[in-house]
Amino acid sequence: MKIICFGDSLTRGVSFVKGRLKIIKENYPNFLQELFSSSPEETRIINKGVFNDNSDSLVQRLEKDVIKQHPDYTIIEIGGNDCNFIWKNVAEMPEEKHLPIVPLERYIENVKTIISRLKEEGITPVILTLPPLDPVRYYQYLVNLYGKSISHCISTVGGIEHWHGLYNRALNSFVDGMDAFKIDVRTALKKAGDLSQLISDDGIHLTSKGYQELSQSIFRELTKIQGKNEWQYFMQGRTQENLI
């Protein structure tokens with residue numbers, strides 16, 4: 001079985017370590033590969049996460065990075081960069097109106113496109129909700145990079161947690177009506193323990209412990225999804241036999 005993990009830096013395995021962003025080996029696809037190592041079926045996990053990607057980027061590289069690889073499942077993690085802002089522009093023009101990088105309507109349309117194309121190719125899409133973040137530490141991180149002028153924008157358009165939650169709720173509602181599999185990693189991570197230990201000091205990426213918890217949540221739910229798929233295939237086969 002082949003599983004492609006398709007997403008942004010949270011899929012790639014980025015964490016804020018010793019004052020800088022760094023790709024770490026303790027990422028969720030690697031942890032997921034370890035969890036599947038005890039599975040009776042040989043499973044290959046492929047990491048197709050790219051730093052700073054949004055849903056526009058995923059649509060652009062869907063054919064090359066996923067469809068042409070012919071996986072059985074594709075785990076899609078995206079949204080954190082869509083609902084974010086270009087903070088450099090915000091800092092330089094704090095009085096101007098600023099909107100998220102990818103508008104909500106286009107974000108949902110992009111997710112729809114990804115799900116539809118995968119289904120057309122016989123690939124099972126699995127959507128992850130947006131993981132939680134720590135807005136206080138994220139703002140501190142941004143202020144250190146761009147200065148305090150960004151606070152004006154935050155006070156007028158709402159904090160990142162407002163947009164993050166808005167996009168996550170829209171994603172949940174859309175996927176529930178799309179007949180697609182979804183894993184609520186947001187809730188799972190909130191229940192896993194102290195978020196300050198699971199989210200790195202930039203407030204948005206995960207620590208190695210956070211990635212481990214993320215992978216365990218995905219593994220548990222993906223195992224259930226596999227079981228549902230096997231049952232569906234079995235029932236389809238029985239229906240065909242009855243027709244004969």
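Along the sequence shown, residues are numbered consecutively beginning with 1.
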State, yes or no, whether a side-chain contact exists between [X] and [Y] at a heavy-atom distance under 4.5 Å.
{"X": "Ser217", "Y": "Leu189", "value": "no"}
{"X": "Ile127", "Y": "Phe181", "value": "no"}
{"X": "Pro131", "Y": "Leu10", "value": "yes"}
{"X": "Tyr28", "Y": "Ile218", "value": "yes"}
{"X": "Leu222", "Y": "Ile3", "value": "yes"}
{"X": "Thr124", "Y": "Leu118", "value": "no"}
{"X": "Asp176", "Y": "Lys182", "value": "yes"}
{"X": "Ile150", "Y": "Val143", "value": "yes"}

Verdict with supporting geometry, Gln226 and Met1, side chain to side chain contact (heavy atoms under 4.5 Å, CB included): CA-CA 11 Å; Gln226 287 176 282; Met1 180 174 62; 2.8 Å; yes
Ion pair present between [X] and [Y], side-chain N to carboxylate O less than 4.0 angstrom?
{"X": "Arg137", "Y": "Asp201", "answer": "yes"}
{"X": "Glu63", "Y": "Arg117", "answer": "yes"}
{"X": "Arg61", "Y": "Asp53", "answer": "yes"}
{"X": "Glu213", "Y": "Lys209", "answer": "no"}

I need the minimum non-hydrogen distance between [X] and [Y], along with the two atoms involved.
{"X": "Leu32", "Y": "Ser215", "answer": "CD1-O, 3.7 Å"}
{"X": "Arg186", "Y": "Thr129", "answer": "N-OG1, 3.1 Å"}
{"X": "Pro125", "Y": "Ile115", "answer": "CG-CG2, 4.0 Å"}
{"X": "Phe85", "Y": "Pro100", "answer": "CE2-N, 3.6 Å"}
{"X": "Pro135", "Y": "Ile160", "answer": "CB-CG2, 4.4 Å"}
{"X": "Asn54", "Y": "Asp56", "answer": "OD1-N, 3.0 Å"}

To the nearest 0.5 angstrom, please state how far the [atom1] atom of [X] sits from the [atom2] atom of [Y].
{"X": "Leu128", "Y": "Thr11", "atom1": "CG", "atom2": "OG1", "answer": "7.0 Å"}
{"X": "Ile114", "Y": "Phe6", "atom1": "CD1", "atom2": "CZ", "answer": "5.5 Å"}
{"X": "Asp184", "Y": "Asn172", "atom1": "CG", "atom2": "CG", "answer": "6.0 Å"}
{"X": "Lys2", "Y": "His70", "atom1": "NZ", "atom2": "NE2", "answer": "7.5 Å"}
{"X": "Cys83", "Y": "Leu130", "atom1": "SG", "atom2": "CG", "answer": "6.0 Å"}
{"X": "Leu206", "Y": "Ile24", "atom1": "CG", "atom2": "CD1", "answer": "8.5 Å"}

Whether over 12 other heavy atoms sit under 6.0 Å from Lys119 NZ: yes
Give the cluster check for [X] versus [Y]: same hydrophobic cluster or not, with ILVMFWY residues linked at side-chain heavy-atom distances below 4.5 Å.
{"X": "Leu145", "Y": "Tyr139", "value": "yes"}
{"X": "Leu166", "Y": "Ile108", "value": "yes"}
{"X": "Leu99", "Y": "Leu104", "value": "no"}
{"X": "Ile75", "Y": "Val50", "value": "no"}
{"X": "Ile78", "Y": "Ile86", "value": "yes"}

Criterion side chain to side chain donor-acceptor pair (under 3.5 Å) on Tyr138 and Asn84, from CA distance to verdict: CA-CA 11 Å; Tyr138 186 51; Asn84 211 346; 2.6 Å; yes
Side chain to side chain contact (heavy atoms under 4.5 Å, CB included) assessment of Asn47 paired with Asn27: CA-CA 9 Å; Asn47 190 337; Asn27 55 62; 3.9 Å; yes
Would the distance check show the side chain of [X] and the main-chain N or O of [Y] forming a donor-acceptor pair, the cut-off being under 3.5 Å?
{"X": "Asp82", "Y": "Ser55", "answer": "yes"}
{"X": "Thr156", "Y": "Cys153", "answer": "yes"}
{"X": "Ser173", "Y": "Ala170", "answer": "no"}
{"X": "Ser200", "Y": "His205", "answer": "yes"}

Derivation of the side chain to side chain contact (heavy atoms under 4.5 Å, CB included) call for Asp65 and Ile4: CA-CA 9 Å; Asp65 283 358; Ile4 287 182; over 6 Å; no
Ring pair (Phe, Tyr, Trp, His ring centres under 6.0 Å) contacts in which one or both residues fall within residues 89-110, not counting sequence neighbours: Tyr107-Tyr167
Residue pair Asn52, Asp8: steps toward the side chain to side chain contact (heavy atoms under 4.5 Å, CB included) verdict: CA-CA 6 Å; Asn52 215 31; Asp8 55 28; over 6 Å; no
Test ring-ring contact (aromatic ring centres under 6.0 Å, His included) applied to Phe36 and Phe31, Tyr73, Phe219, the passing residue: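 Per the ring-ring contact (aromatic ring centres under 6.0 Å, His included) rule, the option paired with Phe36 is Phe219, out of Phe31, Tyr73, Phe219.
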Verdict with reasoning, Arg106 to Glu109, per salt bridge (Lys or Arg N to Asp or Glu O under 4.0 Å): CA-CA 5 Å; Arg106 193 166 85 227; Glu109 189 61 33; over 6 Å; no
Aromatic plane relationship, Tyr141 with Phe16 - under 30° parallel, 30 to 60° tilted, over 60° perpendicular: perpendicular
